[in-house]
2 protein chains.
Amino acid sequence: MVTSRDVARVAGVSQSTVSYVMSGRRSISAETRKRVLDAIEQLTYQPNAGARALASQRTQVIGLVVPFGPGADTAGLLPFIETIASCARAEDHDVLLVTTDEGAAGLTRLAGRALCDAIVLMDVEADDARIPVAAALKVPVILIGVPDDSAGLHCVDMDFTLAGTLAVDEIAALGHDRVVLIGHAADVIERDINFVRRFQRGAAAAAARHGIGYSVVAPVPPGTAGAREAVERALDGGGRPGVVVPNSQAVAPVLHALIERGVVPGRDTSLIGLCTDAAAEATTPAVTNVSLEPRDVSRRAMEILFRLLDRGGEPPAQLVELIRPRLTRRETTLPAP
Amino acid sequence: MVTSRDVARVAGVSQSTVSYVMSGRRSISAETRKRVLDAIEQLTYQPNAGARALASQRTQVIGLVVPFGPGADTAGLLPFIETIASCARAEDHDVLLVTTDEGAAGLTRLAGRALCDAIVLMDVEADDARIPVAAALKVPVILIGVPDDSAGLHCVDMDFTLAGTLAVDEIAALGHDRVVLIGHAADVIERDINFVRRFQRGAAAAAARHGIGYSVVAPVPPGTAGAREAVERALDGGGRPGVVVPNSQAVAPVLHALIERGVVPGRDTSLIGLCTDAAAEATTPAVTNVSLEPRDVSRRAMEILFRLLDRGGEPPAQLVELIRPRLTRRETTLPAP
DNA sequence: CTGTTAGCGCCTTCAT
DNA sequence: ATGAAGGCGCTAACAG
């Protein structure tokens, strides 16, 4: 292993000078700097992360707690992880992965062993036992998701209320006189009360504002059979209700159940899904969707996190920050009247 | 921050005794051990990872290089990551995420800065520029995927040849007199030559053995339109060819294009996809599939990796290890004759 | 069975 | 503008 002392020897300077050249925390003569940089290149020196962390009390690592493990909502997770990793690297940090199934222990481990400088906590539930633990840590934490009580922690999430509003606004604009939400699976309702509640609140308010009918079919069992049954119930009321599916998992099954039933979205009725754009474009036909914009959410989360880390920048005053969703018209909604 | 010296003080022992109690590398009297453990609990002591790494030359971290970034085959990645993370934790290790778009630099960073003890390199291509770099590192590396030249590195992958064989064996057993592979997108063919080549070799050999017709439709442009066109070409030859789709992305579009065309898999013909079981069950109808078993591949990779790390266990003699795929009959294949 | 001690490689305050 | 030196918290000889 090549150390900064080796570099110092080759460059003919002291070890501390090498350190200062790397950190730039002291002015160095052009000539000395060059000799040091040349030596670094020649030896392909790289600083030892452990030693640096020990001496500087900074690991240059972001802890990322992701919802793996049994019963985790793992769909659409990758864009989050990918964006977070990319943002971290842009600030010369790495990402250490911890899974949700470790629970609060994962958090205390990250902080207690000084494995990271800051933590991103994903898949936060309405009443999440990890929140108080996270709030007591000495490292900055950012939540993705909005708990009932964020205990003073910053959080970023999709604006699900607005998502519900956008979807129902569109349904109303297309001339439907009622809208049916074909909702979440039972376990999601159990866990993410906040998420579901927020979307439904926005949808219901929009429906009332437009004076159109509003009903919810939930829970929806996963898979084809569950979708068929839900579609039956949705169409029970007669007419051609606009259908909103606030559940990525269920979008494709519901779409196909409708087609099977002879009610083709885009021709006979309108279907709007709540899912990523990629998922929306993967079905046949492509579904009009309200996108969760995981990349925007993650990017904003990392922005806040690094502001929390830099003693320079001020973190945003408001704790809860909601990212605007976006509706994209595709093939499953009627043409505008 | 609470250190092992604090623990030592509270327990009334020397600092090194605390260290030895934790590592178990020396016999300690029951009474002393208890006093130390009590103090650890009382102070909720956790060892500093950086200090430990510096002193022991072991980080307890596994570097995981994942195919994020532009043009990466990101589908079905989560089961790999999840399994790798879980296996790592089972051996008291953490996982540091590095993305493919860093290229070989990511590898040298992981090793050069002593960020990890070993590396899992995913999404290895047939002719991968990172292989020679990885082989020159001083940390153990395991590849997921088989390059043309593994440069002495261990690798684990699906047995794609066998996957092709299984799929065509089934098509033949169902009485079809020819099989069409509706293949990969152009970019995948460009990148993963090995993967495609292996599957096709297995499929072609099986077709020849059974004396049935064999043809390939590729490249297949992504999305609905590409699938429709591919299906047209596949059906061109007349009759009811068995269809094999060795591309998770294309399975659903091809399925729906067939149905749209009035050729319903499971009734009029047979469709077999190469994809995860989860993906196979998500479509309507559920597709008969050959599964990639990402969990088995990852588990085996981690097994080998930890054997490489332990100076005790011997790593397997053979460098390339192929995991057997499994065919699961679902709704898109004809009933057995 | 336990304590003392010498680093691990780097950062940073002093001193010049 | 540069060196010298102490210490970050821990492991692992070395000495009893």
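The figures here come from the full heavy-atom set of this structure, side chains too, leaving out hydrogens, waters and symmetry mates. The chains referred to below are lettered A, B, ... by the order of the sequence lines, with proteins before strands, and numbering in each begins at 1. Only a predicted model underlies this, so the values are computations on that prediction, with no experimental measurement involved.
Rounded to an integer number of Å, the gap from A:M22 CE to C:dC10 P is 9 Å. Rounded to an integer number of Å, the gap from CZ of B:R25 to C1' of C:dC1 is 17 Å. Between A:R9 atom CZ and C:dG9 atom P there is a gap of 12 Å when expressed in whole angstrom units. Atoms CD (B:Q15) and C1' (D:dT11) sit 8 Å apart, rounded to a whole Å. Between the P atom of D:dG3 and the CD1 atom of A:I28 lies a distance of 9 Å, rounded to the nearest Å. Distance, A:L43 CG to C:dG9 C1': 15 Å, rounded to whole Å. Atom pair A:R26:CZ and D:dA4:P shows a separation of 12 Å (rounding to whole Å applied). A straight line from CG of A:N48 to P of D:dC8 spans 18 Å, rounded to a whole angstrom.
Across all strands shown, B:V18 has no heavy atoms under 4.0 Å from either base or sugar-phosphate atoms.
Contact annotation: B:S4 side-chain N/O to D:dG9 OP1/OP2 distance is not under 4.0 Å. The phosphate of C:dT2 has OP1 or OP2 within less than 4.0 Å of a side-chain N or O from B:T32. For C:dC1, the OP1/OP2 oxygens have a side-chain nitrogen or oxygen of B:S27 closer than 4.0 Å. Applying the 4.0 Å criterion to OP1 and OP2 of D:dG3, one finds that A:S14 has a side-chain N or O inside that range. In this structure, A:T3 does not reach the C:dC8 phosphate: none of its side-chain N or O atoms is under 4.0 Å from OP1 or OP2.
Distance from the side chain of B:L54 is smallest to C:dG9 among C:dG9, C:dC10, C:dT4. Considering only side-chain atoms of B:T17, the nucleotide from C:dC11, C:dG3, D:dT11 that sits closest is C:dG3. Nearest nucleotide to the A:R52 side chain, out of C:dT2, C:dC11, D:dT11: C:dC11. Taking every side-chain heavy atom of A:A51 into account, C:dC10 is the closest of C:dC10, C:dG3, D:dG3. When distances are taken from the side chain of B:Y20 to each of C:dC11, C:dT5, D:dA13, the shortest belongs to D:dA13. Closest to the side chain of A:S16, out of D:dT2, C:dG9, D:dG3, is D:dG3. Nearest nucleotide to the side chain of A:Y45, out of C:dC10, D:dG3, D:dG9: C:dC10. Considering only side-chain atoms of A:S29, the nucleotide from D:dA1, C:dG9, C:dG3 that sits closest is D:dA1.
Looking only at side-chain heavy atoms (C-beta outward), B:C155 and B:V320 come within less than 4.5 Å of each other. Between B:M1 and B:T3, some side-chain heavy-atom pair lies under the 4.5 Å cut-off. Counting heavy atoms from C-beta on, the side chains of B:F80 and B:L292 never come closer than 4.5 Å.
The local environment of CG in A:D127 is sparse, with at most 12 non-hydrogen atoms from other residues, nucleotides or ligands closer than 6.0 Å.
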Can B:E303 and B:R300 be said to form a salt bridge (Lys or Arg N to Asp or Glu O under 4.0 Å), step by step? CA-CA 5 Å; B:E303 228 172 272; B:R300 184 67 186 133; 2.6 Å; yes

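Residues that satisfy the side-chain contact (heavy atoms from CB on, under 4.5 Å) test with B:A301, not counting sequence neighbours, are B:I142, B:I144, B:V156.
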